[in-house]
**Q** 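Sharing a structure, written as structure tokens. Questions coming.
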Amino acid sequence: MANLNKVMLIGRLTRDPEVRTFSNGGKVAKFGFAVNNRKKNQQTGQYEDDPVFIDVDAFNREPGRKLADLVEQYLHKGHQAYIEGSLVLDKWDDKTTGEKRSKMKLLLNDVQFLEPRADGGNSNSEGGAPARPARGMNAAAPPPPARRPAAEPTYEDEPEHDEPSRGGKTPEDDIPF
């Protein structure tokens with residue numbers, strides 16, 4: 001039986017990341033994230049935003065992946081981001097009541113910043129787009145060049161021929177069936 005646990009979200013941070021460093025040198029950045037679901041109000045017939053709040057944990061991983069550092073440095077309350085991760089169930093005992101508690105959290109695997117840089121760095125001519133979107137550890141890499149679809153040729157671009165150029169044969173003559 002197949003198994004898949006992948007979440008992709010675009011939303012905004014609800015609070016600044018809280019960063020903790022472990023004695024072994026590890027680091028975690030915890031932050032709140034909100035996305036909106038659209039639903040129709042039965043009384044008014046209008047669509048309204050229904051916010052969903054998610055707790056996210058970003059860790060520095062041993063070989064290379066320093067997501068906690070990226071989140072700490074570039075993301076703040078209100079910033080928009082694209083995040084990918086997997087769901088984990090966080091379990092604990094409530095200290096006041098002694099009851100077992102649990103909640104779903106997102107373990108961050110990748111992030112892309114969707115806000116312009118605060119320092120007003122190089123931005124493209126369209127404006128509003130980030131000058132340097134970060135995806136995982138490629139935060140310092142420049143964005144790939146924009147790809148534009150090839151223009152459709154028009155009949156004006158076609159050369160004019162009075163007669164077929166292949167010794168009297170037309171292109172249809174070359175079809176093998």
**Q** Distance from L108 atom CG to E84 atom CD, nearest 0.5 Å?
**A** 9.0 Å

**Q** Should side-chain heavy atoms under 4.5 Å link Ile, Leu, Val, Met, Phe, Trp and Tyr, which residues sit in the same cluster as V28?
**A**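 Its cluster mates, by chain and number, are F22, F59, V88, L107.
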
**Q** Once you round to the nearest 0.5 Å, how far does CG of N109 lie from CG of L67?
**A**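 If I round to the nearest 0.5 Å, the distance is 7.5 Å.
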
**Q** Are the side chains of K66 and E72 in touch, meaning some heavy atoms are under 4.5 Å apart?
**A**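 Answer no - side chains too far apart.
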
**Q** For atom CZ of R101, decide whether the heavy atoms of other residues, nucleotides or ligands shown that lie under 6.0 angstrom number more than 12.
**A** no

**Q** Please indicate whether N24 has more than 12 foreign heavy atoms, meaning atoms of other residues, nucleotides or ligands, lying under 6.0 Å from its CG.
**A**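 Yes, enclosed.
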
**Q** Please identify each residue that fulfils side-chain contact (heavy atoms from CB on, under 4.5 Å) with T97, with sequence neighbours left out.
**A**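 With sequence neighbours excluded, T97 shows a side-chain contact (heavy atoms from CB on, under 4.5 Å) to D94, E99, given in chain and number order.
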
**Q** According to side-chain contact (heavy atoms from CB on, under 4.5 Å), who are the partners of L89, at least two apart in sequence or on a separate chain?
**A** K91, S102, M104

**Q** According to a hydrophobic-cluster definition based on side-chain heavy atoms being under 4.5 Å apart (Ile, Leu, Val, Met, Phe, Trp, Tyr only), do V19 and V56 belong together?
**A** no

**Q** Of all heavy-atom pairs between A68 and N60, which one has the smallest distance, and what is that distance?
**A** N-OD1, 3.1 Å

**Q** Would you please name every residue forming a salt bridge (charged side-chain N to carboxylate O under 4.0 Å, His left out) with K30, sequence neighbours left out?
**A**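 By the salt bridge (charged side-chain N to carboxylate O under 4.0 Å, His left out) rule, K30 matches D57.
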
**Q** Which heavy atom of G85 sits nearest a heavy atom of L106, and at what distance?
**A**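 Closest approach of G85 to L106, heavy atoms only: C-CD1, 3.7 Å.
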
**Q** Within the side chain of H79, is there an N or O that forms a donor-acceptor pair under 3.5 Å with the backbone of Y74?
**A**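 At least one qualifying donor-acceptor pair exists.
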
**Q** Within the 4.5 Å heavy-atom criterion, are L75 and V111 side-chain neighbours or not?
**A** yes

**Q** I would like to know whether L114 and R12 meet side-chain contact (heavy atoms from CB on, under 4.5 Å); could you show each step before the answer?
**A** CA-CA 10 Å; L114 301 178; R12 295 191 179 273; over 6 Å; no

**Q** Only pairs under 3.5 Å count here: list side-chain donor-acceptor contacts from residues 32-41, not counting sequence neighbours, and write none if there are none.
**A**
from, atom 1, to, atom 2, distance (Å)
R38, NH1, D49, OD1, 3.0
N41, OD1, Q43, N, 2.8
N41, OD1, T44, N, 3.3
N41, ND2, E48, OE2, 2.8

**Q** For residues H76 and L13, determine if any side-chain heavy atom of one lies less than 4.5 Å from a side-chain heavy atom of the other.
**A** no

**Q** Excluding sequence neighbours, so at least two apart, what forms salt bridge (charged side-chain N to carboxylate O under 4.0 Å, His left out) with K77?
**A** none

**Q** Check each of K103, K100, K105 against D90 using the salt bridge (charged side-chain N to carboxylate O under 4.0 Å, His left out) test, and report the only one that passes.
**A** K105

